[in-house]
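One structure is given below, encoded as structure tokens.
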Amino acid sequence: MDNSDPNPEKPLDFIRQIIAEDIKSGKHSAPVTRFPPEPNGFLHIGHAKSICLNFGIAQENNARCHLRFDDTNPSKEESVYVAAIKKDVQWLGYEWGDNLFFASDYFDRLYDYAVELIRLGKAYVCCLNAEEVREYRGTLTEPGKESPYRNRSVEENLALFQAMKEGQFEEGSHVLRAKIDMASPNLNMRDPVVYRIMKVSHHRTGDKWCIYPMYDYTHCLSDAMEEITHSLCTLEFEDHRPLYNWFLETLHTPAHPRQIEFARLNLTYTVMSKRKILQLVTGGHVADWDDPRMLTISGLRRRGYTPASIRNFCSEIGVGKKASWIDMGVLENSIRSDLNETAPRVMGVLDPLKVVITNYPEENEEEVEGKNHPQKPEMGTRFIPFSREIYIERSDFMEDPPKKFFRLGPGREVRLRYAYFVTCVSVIKDETTGVVTEIHCTYDPATYGGNAPDGRKVKGTIHWVSAAHGLNCQVRLYDRLFAVENPDADKEVDFKEHLNPDSLTILKDCVVEPSLAQAAPGSSVQFERQGYFCVDVEDSEPGHPVFNRTVGLRDSWAKKQR
RNA sequence: UGGGGGAUGGUCUAACGGCAAGACAGCGGACUCUGACUCCGCUUAUCGGGGUUCGAAUCCCUGUCCCCCAGCCA
């Protein structure tokens with residue numbers, strides 16, 4: 001991929017400033033970052049922000065960024081997620097090279113460090129159960145109480161910890177805790193749990209272990225072992241930083257990475273927590289993790305978003321410390337501007353209305369030449385079949401149009417894009433329902449190609465597809481998954497209550513230019529005057545593409561109508 | 001109510017003691033064989049109160065509001 005900063009003029013965010021200072025001062029010769037997902041679900045747009053930050057910093061500095069799976073809780077983690085996450089990071093355009101790690105790779109060393117902690121008198125095996133631990137922890141305003149097991153001897157702790165490891169105890173009966181300060185105003189420092197017993201198979205270590213280290217303990221040590229310089233995480237870990245530092249200082253690790261926190265991404269009209277996304281999948285509210293309505297990386301990919309558009313979006317929104325809400329429109333804008341540059345233009349009719357050109361010879365057919373991109377002649381042209389019967393968009397005809405309607409209506413003349421001027425001469429309706437079923441037009445043969453030799457102008461140009469040559473296909477229109485800006489806002493109402501019932505519209509009778517029969521799965525086109533669509537990778541068959549609408553074109557006419 | 005953070009137009013980000021800037025959205029216009037794109041113009045902001053200073057979004061004091069934390073999740 002293109003390694004250059006997409007926005008060289010953009011001022012440095014506060015994290016990049018810190019890194020630049022650390023390089024300038026000689027503290028580090030180069031930054032080393034890491035992206036540390038837990039393999040318990042698919043990556044989403046919020047992760048993309050972190051990926052672009054961590055891998056972006058590495059790229060800009062010709063340095064490395066590690067991909068590290070934070071797999072310390074086997075009850076939630078699966079290999080299938082590891083594979084999906086790797087695919088998504090790569091698809092976004094980033095490479096970790098040799099720097100692929102798993103926290104589970106460190107289980108032995110982590111165990112040794114825990115033994116060290118015990119020897120230092122800084123950790124103890126606690127026999128309080130989970131509920132008791134909670135009670136002893138105190139509250140936000142009251143200090144906690146020390147565990148009765150807090151002052152066991154080093155020898156006893158060593159023996160007990162080994163017995164934990166050997167599986168001699170039941171889940172929940174014992175934990176290893178750091179001995180810090182039960183009166184600390186920071187709850188994370190009130191003797192946090194370091195190891196817990198879990199008799200669960202791990203997706204990589206199998207049944208080797210029945211005790212697993214906690215995040216706070218694992219993360220800082222993993223960072224240190226990998227010699228990460230800047231450990232970037234989201235704001236909710238600010239309170240954990242003292243603990244992060246405590247472990248590193250207490251254990252005298254060879255490196256002491258600096259944790260820096262930034263604001264996580266919030267987007268309107270969606271939910272961002274993995275827990276909730278999982279509910280949408282398991283509850284059948286969406287087809288799967290890669291449902292095009294989902295803001296997972298895989299969903300965005302299937303929807304037709306490009307890696308560049310996501311990277312640009314992440315660059316656009318910046319990195320700061322204030323909890324912010326980005327409007328969904330910003331994301332949509334980023335894919336529109338990318339596809340505007342690259343997507344070939346074609347004509348496709350989503351809601352067909354038949355037009356018979358009565359003065360066009362029945363046996364005739366011909367081809368007209370269309371540009372694949374109006375501003376990029378290098379993208380070439382194509383020939384589009386034209387004949388006596390065509391389809392136009394139903395919304396491009398009105399029997400009784402308002403003043404500013406530039407499209408087809410009785411007696412009105414419009415241009416069929418790249419073809420001819422046509423004038424509506426009559427309207428055929430279903431006698432019982434009154435619905436327009438067909439319209440009859442005449443064409444002006446002199447306007448072949450779309451220009452009138454007499455210089456007369458038409459206000460409207462509409463798209464069309466020859467009825468005899470068009471390719472029938474399915475098109476799926478996607479709208480926002482939620483009907484409200486913040487589905488999480490109301491604590492009393494489940495977020496799923498706010499699902500948008502019209503988030504998916506399947507159109508089965510669409511007809512598109514025959515050239516699209518060969519469109520490659522995953523490729524994007526612009527249906528002129530409609531929007532950007534991609535060929536679905538799952539449901540398309542050779543010769544029978546299925547299109548997903550990535551995003552509509554801006555539509556100032558529709559806006560005016562409201 | 002303890003601790004940790006944060007407050008700049010509708011939204012996001014910049015300005016690091018010296019003309020409050022950019023993007024998105026919105027509004028108006030130009031152009032147009034896409035009511036697209038592009039271009040031009042416009043509206044809208046430093047949380048409040050004090051202080052330091054020739055000069056404050058920036059430094060100090062004070063108040064207010066918002067977010068996070070009481071998993072053997074990450």
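As a basis for the values below, the full set of heavy atoms in this structure was taken, side chains included, without hydrogen atoms, waters or symmetry mates. Please read all numbers here as calculations on a predicted model, not as lab measurements. All chains are named by letter (A, B, ...) in the order of the sequence lines, taking the proteins before the strands, and each is independently numbered beginning at 1.
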Polar atom pairs (N or O), protein with nucleotides 64-66 of chain B, under 3.5 Å:
none

So which protein N/O to nucleotides 17-24 of chain B N/O distances come out below 3.5 Å?
| unit_1 | atom_1 | unit_2 | atom_2 | d |
| --- | --- | --- | --- | --- |
| B/rA23 | O2' | A/Glu316 | OE2 | 2.5 |

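At the heavy-atom level, A/Lys404 lies under 4.0 Å from base atoms of the strands shown. Among the protein residues, A/Glu142 comes within range of no part of the nucleic acid, since none of its heavy atoms lies under 4.0 Å from any strand. Using a 4.0 Å heavy-atom cutoff across all strands shown, A/Leu176 reaches no nucleic acid atom at all. At the heavy-atom level, A/Arg137 lies under 4.0 Å from the strands shown only through sugar-phosphate atoms. A/Asp239 comes within 4.0 angstrom of a nucleotide base, judged by non-hydrogen atoms across all strands. Heavy atoms of A/Asn40 sit nowhere under 4.0 angstrom from any nucleic acid atom. Using a 4.0 Å heavy-atom criterion, one finds that A/Phe405 contacts the bases of the nucleic acid, with or without backbone contacts as well. Residue A/Arg134 is classed as a sugar-phosphate contact, given heavy-atom separations below 4.0 Å to backbone atoms only. At a threshold of 4.0 angstrom between heavy atoms, the contacts of A/Thr139 include nucleobase atoms, whether or not backbone atoms are also involved. Residue contacts for A/Pro37: at a heavy-atom cut-off of 4.0 Å it reaches no nucleic acid atom on any strand shown. Residue contacts for A/Ser75: at a heavy-atom cut-off of 4.0 Å it reaches no nucleic acid atom on any strand shown.
Atom CD of A/Glu170 has 12 or fewer heavy atoms from other residues, nucleotides or ligands within 6.0 Å.
With the 3.5 Å cutoff on both pairing distances, Watson-Crick and G-U pairs in RNA chain B assemble into runs of at least 3 at B:2-7 with B:64-69, B:10-13 with B:21-24, B:26-30 with B:38-42, B:47-51 with B:59-63.
In this structure, A/Tyr215 does not pack face-to-face on the six-membered ring of B/rA74, missing the 5.5 Å centre cutoff or the 30° plane limit.
By the 4.5 Å heavy-atom criterion applied to side chains, A/Asp396 and A/Trp464 are not counted as neighbours. Using a 4.5 Å heavy-atom cutoff, the side chains of A/Tyr113 and A/Leu221 are in contact. You'll find the side chain of A/Thr550 stays beyond 4.5 Å of the side chain of A/Phe533, heavy atoms only. In this structure, the side chains of A/Met189 and A/Pro242 come closer than 4.5 Å at one or more pairs of heavy atoms.
Atom C1' of nucleotide B/rU32 and atom NZ of A/Lys457 are separated by 10 Å, given to the nearest angstrom. B/rU38 atom C1' lies 12 Å from atom NZ of A/Lys376, rounded to whole Å. In this entry the distance linking CD of A/Glu236 with P of B/rG71 reads 16 Å, nearest Å. Put simply, NZ on A/Lys276 is 15 Å from C1' on B/rC73, counting in whole angstrom units. Rounded to whole Å, atom C1' of B/rG10 lies 18 Å from atom CE of A/Met328. If you measure from atom CG of A/Asp555 to atom P of B/rU32, you get 20 Å, rounded to the nearest angstrom. Straight-line distance from the CG atom of A/Asn266 to the C1' atom of B/rG6: 14 Å, rounded to whole Å. In this structure, CZ of A/Phe69 is placed 16 Å from P of B/rA74, rounded to the nearest angstrom.
When the P atom is compared between B/rC60 and B/rC67, the two are found 26 Å apart, to the nearest whole Å. B/rA7 and B/rC47 are spaced 7 Å apart, taking the C1' atom of each and rounding to whole Å.
Distances were taken from every side-chain heavy atom of A/Lys559 (C-beta onward) to each of B/rA74, B/rU13, B/rC27; the shortest belongs to B/rC27. Taking only side-chain atoms of A/Ile326, from C-beta outward, the nucleotide of B/rC68, B/rC12, B/rG35 with the closest atom is B/rC12. Of all nucleotides listed (B/rU34, B/rC37, B/rC12), B/rU34 comes nearest to the side chain of A/Arg529. Side-chain proximity of A/Asn73 to the nucleotides B/rG35, B/rA74, B/rU13 is greatest for B/rA74. Closest to the side chain of A/Leu235, out of B/rU34, B/rG5, B/rU1, is B/rG5. Taking only side-chain atoms of A/Lys322, from C-beta outward, the nucleotide of B/rA74, B/rG4, B/rC12 with the closest atom is B/rC12. Minimum atom distance to the side chain of A/Leu140 is reached by B/rA70, of the listed B/rG35, B/rC73, B/rA70. In this structure, of B/rC37, B/rC69, B/rG35, it is B/rC69 that holds the atom nearest to the side chain of A/Leu187. Here B/rG3 is the nucleotide among B/rU34, B/rG6, B/rG3 with the atom lying nearest to any side-chain atom of A/Pro185. Considering only side-chain atoms of A/Met214, the nucleotide from B/rG35, B/rG71, B/rC12 that sits closest is B/rG71.
Aromatic pair A/Tyr418/A/Phe386: centroids not less than 6.0 angstrom apart.
Taking the O4'-C1'-N9-C4 or O4'-C1'-N1-C2 dihedral as appropriate, B/rG71 has a value within 90° of 0 and is therefore syn.
Not one side-chain nitrogen or oxygen of A/Arg241 sits closer than 4.0 Å to the OP1 or OP2 atom of B/rG4. For B/rC73, one of the phosphate oxygens OP1 or OP2 lies less than 4.0 angstrom from a side-chain nitrogen or oxygen of A/Arg196. The side chain of A/Ser556 places an N or O atom within less than 4.0 Å of a non-bridging phosphate oxygen (OP1 or OP2) of B/rA36.
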Stepwise ring-ring contact (aromatic ring centres under 6.0 Å, His included) check, A/Tyr215 with A/His219
CA-CA 6 Å; A/Tyr215 164 85; A/His219 203 89; 4.9 Å; yes
Test ring-ring contact (aromatic ring centres under 6.0 Å, His included) applied to A/Phe262 and A/Phe14, step by step
CA-CA 9 Å; A/Phe262 62 93; A/Phe14 80 100; 8.0 Å; no
Go through it in stages, so that I can follow the logic: the residues are A/Arg16 and A/Glu21, the test is salt bridge (Lys or Arg N to Asp or Glu O under 4.0 Å), and I'd like the CA-CA distance, side-chain angles, deciding distance and then a yes or no.
CA-CA 9 Å; A/Arg16 286 175 164 91; A/Glu21 283 158 20; over 6 Å; no
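A/Tyr212 approaches A/Ser201 most closely through the heavy-atom pair OH-C, 4.3 Å. Contact between A/Ala20 and A/Leu12 at its shortest, heavy atoms only, is CB-CD1, 4.2 Å.
A/Asn186 contributes no side-chain N or O that forms a donor-acceptor pair with the base of B/rG4 under 3.5 Å. Between the side chain of A/Gln375 and the base of B/rU38 there is no donor-acceptor pair of N/O atoms closer than 3.5 Å. If you check distances only, the side chain of A/Arg345 does reach the base of B/rU34 with a donor-acceptor pair under 3.5 Å.
Checked options A/Tyr244, A/Tyr195, A/Trp246, A/Tyr106; the residue passing with A/Tyr217 is A/Tyr195 (criterion: ring-ring contact (aromatic ring centres under 6.0 Å, His included)).
Ring pair A/Phe169/A/His174 is parallel by interplanar angle, where below 30° counts as parallel and above 60° as perpendicular.
A/Asn245 CG to A/Cys220 SG: the interatomic distance, rounded to the nearest 0.5 Å, is 8.5 Å.
A salt bridge between A/Lys459 and A/Glu413 is absent, with no side-chain N of the basic residue lying under 4.0 Å from a carboxylate O of the acidic one.
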